[in-house]
Amino acid sequence: MIPNPPPINGTYASGQEVQICVYINEWNGNASGTIEWLHAVTFEFGSGWDLSTLNPIPPASCSP
């Protein structure tokens, strides 16, 4: 997870806009001998988050 801008002393000001990019660097989708694709990533947000302000931007599809 890469926040932009980074927090100051581990916190952000109330109402401050922050962009957070999440990268999955490693996924063992062939653990059982079959290809298993990652279907979702679930995030848990604490009470300090206003979820109505989140603007997720998924990557482009890998399928044609």
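From a predicted model like this one, the values you see are computed outputs, not experimental measurements.
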* To do: Might you confirm whether atom CD of Glu17 has over 12 heavy atoms from other residues, nucleotides or ligands at distances under 6.0 Å?
  => no
Report, one line per pair, each donor and acceptor closer than 3.5 Å where one atom sits in a side chain of residues 3-12; sequence neighbours left out.
unit_1 : atom_1 : unit_2 : atom_2 : d
Thr11  : OG1    : Ile8   : O      : 3.3
Tyr12  : OH     : Pro5   : O      : 2.9

Enumerate donor-acceptor pairs with a distance under 3.5 Å from any side-chain N or O in residues 45-55 to protein atoms, sequence neighbours excluded.
unit_1 : atom_1 : unit_2 : atom_2 : d
Asp50  : OD1    : Ser52  : N      : 3.2
Asp50  : OD1    : Ser52  : OG     : 2.6
Asp50  : OD2    : Ser52  : OG     : 3.4
Thr53  : OG1    : Asp50  : O      : 2.7

